[in-house]
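Taking it in order: structure first as structure tokens, then the write-up.
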Amino acid sequence: MKKILITGVAGFIGSHLADYFLKKNYKVFGIDNFLTGSKDNIKHNFDNENFHFLEHDVREKINISEKLDYILHFASPASPIDYLKHPIKTLQIGAIGTENILNLGVLNKAVVLVASTSEVYGDPLEHPQKESYFGNVNPIGPRGVYDEAKRYLEALTSAYNKKKKLDVRIIRIFNTFGPRMRISDGRAIPTFINQALNNSNFTVYGDGQQTRSFCYINDTIEGINRLLESNFQKPINIGNPYELSILELIKSIKRIIPTNSKIVYEDFPENDPKKRCPDISLAKKLLNWHPKTNLIDGLVKTVEYYQSLN
Ligand SMILES: NC(=O)c1ccc[n+]([C@@H]2O[C@H](COP(=O)([O-])OP(=O)(O)OC[C@H]3O[C@@H](n4cnc5c(N)ncnc54)[C@H](O)[C@@H]3O)[C@@H](O)[C@H]2O)c1
């Protein structure tokens with residue numbers, strides 16, 4: 001039986017990873033300190049004898065008594081609301097937390113996959129973003145704590161690969177969405193769904209023409225699995241190249257939720273990216289992966305999830 005450790009297991013992506021690998025009959029060890037995650041996302045697995053949960057901060061040394069085959073490092077605040085609330089912790093998790101995980105990987109001779117992000121490209125001057133683009137990041141801007149934490153995570157992971165011959169994977173995830181995102185985490189899709197369900201105004205930053213691309217969680221999880229099973233040790237983009245403006249996203253949500261909500265415009269946040277769209281040619285070629293769920297189908301499932309919470 002393969003053994004896998006998932007950090008950030010009580011979060012949005014981590015909890016879906018746990019479900020996925022339990023279904024594949026792996027023994028799953030999960031770590032989380034509930035900084036931004038919730039027990040509700042994993043409690044359905046507490047009775048599963050192959051699921052072992054440890055409440056722990058990845059910035060502290062990690063002891064797992066069994067030999068691990070794989071480690072997936074997903075612990076980190078991910079939404080702007082969260083990392084702006086925890087700027088120093090975010091940097092420490094990217095630095096100290098990642099170093100702890102990589103050392104555990106060396107000890108276990110495990111494959112270590114680390115979650116990076118499209119935010120390493122900052123407010124990009126190249127469009128769509130290929131893995132070869134170095135990015136346009138303001139290190140001391142409001143988003144700098146997250147962007148630089150992830151850039152350091154990539155640098156450290158790559159150094160462990162070169163110096164300690166650790167078998168690594170680095171995934172640059174573009175916006176992903178689906179059930180278990182916190183409704184109040186400030187990211188576009190949960191925010192607009194929440195506003196539509198409550199008939200409150202849609203809050204749009206700037207003129208709403210800025211673009212984003214959204215990948216449904218099941219596709220993201222499949223991409224993570226394919227990367228893990230590959231032998232590719234450099235950064236790779238996983239995301240949906242279907243690009244739309246924020247105003248078009250609101251239109252799509254209004255097709256699913258009939259609402260009286262009006263749009264109100266607010267100031268565009270400093271250093272917020274104006275365009276965001278992955279070039280996924282590398283993932284298509286190396287992993288034979290591309291997203292299969294279209295935006296509307298993904299939104300319908302996400303809305304159903306939020307409605308089921310009431
Ligand atoms: N969701 C996205 O669109 C997206 C995009 C790019 C990258 N990512 C990356 O994927 C990972 C997961 O993102 P998410 O959207 O699931 O966020 P999330 O906030 O839902 O999950 C993060 C989890 O990490 C846990 N955590 C935070 N600090 C910790 C610590 N010190 N020790 C142990 N656990 C800790 C939190 O409690 C939470 O359960 C993050 O690393 C994020 O940077 C996510």
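One-based numbering, in listed order, for ligands and for the atoms of each.
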Legend entry - Ring geometry between Y216 and F177 (parallel below 30°, tilted from 30 to 60°, perpendicular above 60°):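 Taking Y216 first and then F177, their aromatic rings stand perpendicular (interplane angle over 60°).
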Looking only at distances, can you tell me whether any N or O atom of [X], backbone or side chain, sits closer than 3.5 Å to an N or O atom of ligand 1?
X: R187; result: yes
X: V58; result: yes
X: D82; result: no
X: P77; result: no
X: T117; result: no
X: R59; result: no
X: I173; result: no

Heavy-atom pairs closer than 4.0 Å: do any link ligand 1 to the side chain of [X], the backbone, both, or neither?
X: N33; result: both
X: S118; result: neither
X: H56; result: backbone
X: K150; result: side chain

Inset, instruction - Could you tell me whether the side chains of Q233 and D167 share a donor-acceptor contact shorter than 3.5 Å? - result: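 Yes, side-chain donor-acceptor contact under 3.5 Å.
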Inset, instruction - Please find out if less than 6.0 Å separates the ring center of H16 from that of Y20. - result: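 Centroid separation for H16 and Y20: 6.0 Å or greater.
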Inset, instruction - From the options F177, Y83, Y146, F12, select the one whose nearest heavy atom is closest to atom 8 (N) of ligand 1. - result: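 Residue with the shortest heavy-atom distance to the ligand atom: Y146.
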